[in-house]
A.B. asks: 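Below you will find the structure I want to go over with you.
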Amino acid sequence: SAYYDPKTRAMRENPYANAGTNPDEVSYAGDNFVRYSGATISMAQTQLFAWEAYEKGSEVHLQADPTKLEVLYKSFKVKKEDFKEKQKETILDKYGGEEHLDAPPVELLLAQTEDYVEYSRHGTVIKGQEKAIARSKYEEDVLINNHTCIRGRSEE
């Protein structure tokens, strides 16, 4: 038998679980079934939309007129997506930078590669690719204008 919670007045588990029937064929599969289906989240979003629309002056209520609310919510989502796309296009036209919207390769995001390198106890490479030496765009140990040291240090 499924557990009935009297405080919330809910039967969480499927009461027909031990009967050998398919959960898709029974009329009631427990409250957890509804929670896992995703209908609870969409219902909460619709309820939140109804409250916000009511605050802005729209006479809409989830229980009183669910069809009107659903049509209004769907049109709101479409308008919202259109507005976001239009805003994105406007910003890209004004400032540019469309090349930055492309996602980098997954290897760069996770900083992982398939390169295998084996090191010794002392940190030298035994097997694999040698680490590349970092090179600077500036020349090293070049003294200009007859200077004998860097940044005012005098050699004594």
Side-chain angles (χ1 to χ4, degrees), residues 1-140:
S1 159
Y3 173 72
Y4 175 74
D5 183 14
K7 185 175 181 182
T8 59
R9 297 183 180 178
M11 187 174 294
R12 300 283 184 225
E13 298 172 9
N14 183 359
Y16 303 107
N18 297 333
T21 57
N22 188 1
D24 297 330
E25 296 173 357
V26 296
S27 59
Y28 180 75
D31 290 336
N32 284 341
F33 174 75
V34 176
R35 287 183 178 178
Y36 299 141
S37 68
T40 307
I41 296 170
S42 65
M43 183 71 149
Q45 289 172 342
T46 307
Q47 178 68 57
L48 183 64
F49 172 76
W51 290 335
E52 290 174 352
Y54 183 77
E55 286 177 1
K56 293 178 182 172
S58 187
E59 292 294 323
V60 59
H61 193 271
L62 179 63
Q63 283 80 24
D65 201 356
T67 308
K68 178 181 176 184
L69 176 65
E70 193 65 32
V71 169
L72 190 63
Y73 184 55
K74 285 183 180 178
S75 68
F76 168 75
K77 287 198 302 190
V78 169
K79 287 179 183 178
K80 184 177 177 181
E81 288 298 320
D82 291 343
F83 175 74
K84 282 186 176 181
E85 283 296 319
K86 184 178 174 186
Q87 188 178 27
K88 181 179 173 182
E89 290 173 8
T90 306
I91 290 172
L92 288 176
D93 289 342
K94 187 172 183 177
Y95 299 108
E98 193 168 352
E99 66 274 3
H100 299 293
L101 296 177
D102 298 331
V106 180
E107 295 86 19
L108 294 178
L109 287 175
L110 301 176
Q112 297 177 352
T113 62
E114 293 296 320
D115 298 334
Y116 178 75
V117 180
E118 252 183 60
Y119 295 95
S120 70
R121 290 184 191 174
H122 308 291
T124 59
V125 176
I126 297 174
K127 188 180 198 181
Q129 186 178 8
E130 183 68 42
K131 189 174 180 180
I133 299 170
R135 298 186 187 268
S136 173
K137 66 180 182 178
Y138 303 104
E139 295 181 54
E140 292 185 17

A.B. asks: What pair of heavy atoms forms the shortest contact from K88 to L101, and how long is it?
C.D. replies: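 Residues K88 and L101, closest heavy atoms: CE-CD1, 3.7 Å.
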
A.B. asks: For a quick test of your reading: what N or O donor-acceptor pairs under 3.5 Å do the side chains of residues 46-64 make, sequence neighbours left out?
C.D. replies:
{"from": "T46", "atom 1": "OG1", "to": "S42", "atom 2": "O", "distance (Å)": "2.8"}
{"from": "H61", "atom 1": "ND1", "to": "Q63", "atom 2": "N", "distance (Å)": "3.2"}
{"from": "H61", "atom 1": "ND1", "to": "A64", "atom 2": "N", "distance (Å)": "3.3"}

A.B. asks: Take atom CD of E70 as the centre, draw a 6.0 Å sphere, and report whether it contains more than 12 heavy atoms from other residues, nucleotides or ligands.
C.D. replies: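 Counting neighbours around CD of E70, more than 12 heavy atoms of other residues, nucleotides or ligands fall under 6.0 Å, so yes.
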
A.B. asks: Out of curiosity, E89 CD to K86 NZ, how far, rounded to the nearest 0.5 Å?
C.D. replies: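 Here the rounded value is 9.5 Å.
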
A.B. asks: Any non-hydrogen side-chain atom of V125 less than 4.5 Å from a side-chain atom of Y119?
C.D. replies: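 With C-beta onward as the side chain, the pair touches.
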
A.B. asks: Got a sec, which residues hit side chain to side chain donor-acceptor pair (under 3.5 Å) with E118, two or more places apart in sequence or on another chain?
C.D. replies: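 In terms of side chain to side chain donor-acceptor pair (under 3.5 Å), with neighbours along the sequence ignored, E118 is linked to Y116.
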
A.B. asks: What's the spacing between L92 CG and Q87 CD if we round to 0.5 Å?
C.D. replies: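 Answer for the CG-CD pair, L92 versus Q87, is 10.5 Å.
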
A.B. asks: Once side chain to side chain donor-acceptor pair (under 3.5 Å) is applied, do any residues pair with T90, and if so which ones, sequence neighbours excluded?
C.D. replies: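 Applying side chain to side chain donor-acceptor pair (under 3.5 Å) to T90 gives none.
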
A.B. asks: Calculate, to the nearest 0.5 Å, the distance between atoms CD and CD1 belonging to E98 and I91 respectively.
C.D. replies: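 Output value for this atom pair is 12.5 Å.
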
